[in-house]
Every structure is written in structure tokens, then in C-alpha cells.
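The chain is numbered in sequence order, starting from 1.
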Amino acid sequence: MIETTEMARIIILGNPATKKNSPIVVRGRATVLPSKAYRRYEQEFHRQLSVIKEQNGLSHFSGPVHLTAEYYLENRAHYPDLNGLIQATQDILSDEFGTVVDRETGKRKRQKRRRWVLEDDRIVKSLDGCRIAGIDKTNPRVEITIEAMELDPDNETDPYLLRLAKSWIEQGLFSAKKEDDSLD
């Protein structure tokens, strides 16, 4: 079992926004893109994250985490749903990936473009405590707490985290405990 005490607290200023994906026509074909409000929010969120990382440092999480987000909205207009806010927050905190084509094989492969706070949003294993906390006309924001959780390879069900645990064991970052270890 991997235990860690890593924790991050982040406050991002600005009125929280959901993706509210909107179908639009791009180059003659229909596609779904995030709303303009979300794209502005994401850009500002990333700008603030960059400043926080530069000035204070910020942990990067690759194992399971508990995420709590408290949202303070500017007003009640276009009142968002909590699920949409949480999904947007997880997406923005997650590393960005793009697709590149291997010149030799011609195959497409996934490549990390930008490292943010979460390796992937699927590592969020608990969202207990997330809420729309209130209206704050002068200081809309999201207050985020991320806490690393134990990674127990014997009880984990997510294939992504199982591969991670195996990798950590191979790198000697932790070893699986055996019940008879105390006999040595």
C-alpha cells in the first residue's frame, strides 16, 4: 500500500463556469466545442495556476486523490449545476495531451503537451464535500483542496492505477507489504 501526505490548496479567482458543450459548424461539419465563457474561464484558470506553480510550487498528483471544490458564484444568473462545475474543474486541473503522428510508422500516439496538477482526471477517487458554497459578487472563486490517497494494489479496480502501482513497485518507490514481514 502506498501512503502519502501530499496535499494542495488552490484558490482560483473568477466566476466558475461549466463547459456547456455547444454544437457548432466548423469547416462545414458539425462539432461540439466548449462554450466561450468556459474557454475564457479555462484560460484564466490556467494563467493563475501557472503563477501559483511559479511562485509557490504546486504538487503534481499521479495516484488516487480526494478532491474538494467549493464554488462561490458572482450571481444567480445562469446558475450552473454542481456536476458540470466539478467536471470542468477536473478537466482544467488535468494534464493536457495531444495526438502526434510518428514519422516512421505513421501511427498516431498520445503525447503530453502541458503538465498541470492531475496526471488524469480519472485519478480522482473521491469528491466528498464539493458544493456551491454561495454567492460572492466581489470575489467569485473556486477553493480547491486535493489530498493524495492510499494506493492499494490488492484492492484497486482501476486498470490505470494498477499499471501505476506496478510501475512504482518496479521502480522501487514502494513495496507491497506481506503479512509475515513482521516475523523477520
Side-chain angles (χ1 to χ4, degrees), residues 1-12 16-21 31-34 38-39 41-42 45-46 48-50 52-53 57-71 80-102 105 107-133 142-182:
M1 188 174 313
I2 303 172
E3 293 186 40
T4 181
T5 56
E6 277 189 86
M7 182 164 78
R9 286 199 170 95
I10 306 163
I11 297 175
I12 300 295
T18 62
K19 280 190 170 182
K20 296 275 187 193
N21 293 334
T31 188
V32 178
L33 295 176
Y38 172 80
R39 291 193 308 264
Y41 178 66
E42 179 184 41
F45 195 119
H46 280 155
Q48 290 181 48
L49 265 184
S50 294
I52 291 167
K53 286 172 76 171
L58 189 58
S59 295
H60 184 263
F61 296 88
S62 56
V65 298
H66 167 77
L67 185 142
T68 304
E70 292 189 347
Y71 300 93
D81 64 281
L82 179 60
N83 190 49
L85 289 172
I86 293 168
Q87 287 175 340
T89 300
Q90 290 181 148
D91 285 347
I92 295 171
L93 288 169
S94 296
D95 293 349
E96 291 176 33
F97 289 85
T99 304
V100 295
V101 178
D102 186 304
T105 64
K107 291 184 179 180
R108 294 174 170 255
K109 65 180 187 176
R110 191 172 183 231
Q111 183 176 25
K112 190 179 292 190
R113 279 197 258 160
R114 184 75 192 253
R115 183 176 155 132
W116 289 110
V117 180
L118 303 175
E119 180 78 26
D120 192 299
D121 59 358
R122 76 185 291 165
I123 68 172
V124 177
K125 293 301 217 175
S126 171
L127 291 164
D128 293 345
C130 291
R131 66 191 181 115
I132 297 175
V142 59
E143 298 178 2
I144 302 164
T145 303
I146 303 169
E147 295 178 79
M149 298 174 66
E150 293 177 354
L151 175 54
D152 183 356
D154 295 329
N155 295 311
E156 184 57 57
T157 58
D158 185 336
Y160 177 83
L161 290 174
L162 286 171
R163 283 191 302 275
L164 179 67
K166 182 180 177 187
S167 169
W168 286 354
I169 290 169
E170 289 170 354
Q171 294 175 44
L173 298 175
F174 83 99
S175 58
K177 287 196 169 208
K178 297 178 184 169
E179 289 186 30
D180 61 353
D181 280 350
S182 59

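With no hydrogens or angles considered, a side-chain donor-acceptor pair links T68 and H66 at under 3.5 Å.
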Inset, instruction - Check the pair Q48 / I10 against side chain to side chain contact (heavy atoms under 4.5 Å, CB included), numbers first and verdict last. - result: CA-CA 10 Å; Q48 290 181 48; I10 306 163; over 6 Å; no
Inset, instruction - Could you please spell out the steps behind the side chain to side chain contact (heavy atoms under 4.5 Å, CB included) verdict for Y160 and I123? - result: CA-CA 8 Å; Y160 177 83; I123 68 172; 3.6 Å; yes
Inset, instruction - Would you check, one step at a time, whether the test side chain to side chain contact (heavy atoms under 4.5 Å, CB included) holds for F61 with V117? - result: CA-CA 6 Å; F61 296 88; V117 180; 3.9 Å; yes
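Residues in residues 83-92 take part in these salt bridge (charged side-chain N to carboxylate O under 4.0 Å, His left out) pairs, two or more places apart or across chains: K19-D91.
Residues I86 and V124 have side chains not in contact (no heavy-atom distance under 4.5 Å, counting atoms from C-beta outward). S50 is not listed as a side-chain neighbour of F45, based on a closest heavy-atom distance of 4.5 Å or more. Within the 4.5 Å cutoff, no side-chain heavy atoms of D120 are placed close to those of S94.
Pairing each heavy atom of E119 with each of F97, the nearest pair is O-CE1, 3.8 Å. Annotation for L151 and A165: closest pair CD2-CB, 3.8 Å, computed over non-hydrogen atoms. Closest approach of Y71 and V142 over heavy atoms only: CE2-CG2, 3.3 Å. The minimum heavy-atom distance between P80 and L85, with the atom names listed, is CG-CD1, 3.7 Å. Nearest heavy-atom pair, P34 versus R39, reported as atom, atom and distance to 0.1 Å: O-NH1, 2.5 Å. K125 and L161 make their closest contact through CE-CD1, 3.3 Å (heavy atoms, listed as atom of the first residue, atom of the second, distance).
Note on E156 versus R163: no salt bridge recorded, every NZ/NE/NH1/NH2 to OD/OE distance being 4.0 Å or above.
L93 pairs with exactly one of I12, V65, D121, L49 by the side-chain contact (heavy atoms from CB on, under 4.5 Å) rule, that one being L49.
Every residue two or more places apart in sequence or in another chain that forms a side-chain contact (heavy atoms from CB on, under 4.5 Å) with R9 is listed here: M7, T145. With sequence neighbours excluded, the residues forming a side-chain contact (heavy atoms from CB on, under 4.5 Å) with N83 are D81, Q87, listed by chain and number.
With values rounded to the nearest 0.5 angstrom, L118 atom CG is found 10.5 Å from T89 atom OG1.
Under a cut-off of 6.0 angstrom, the local environment of NZ in K109 is sparse, with at most 12 non-hydrogen atoms contributed by other residues, nucleotides or ligands.
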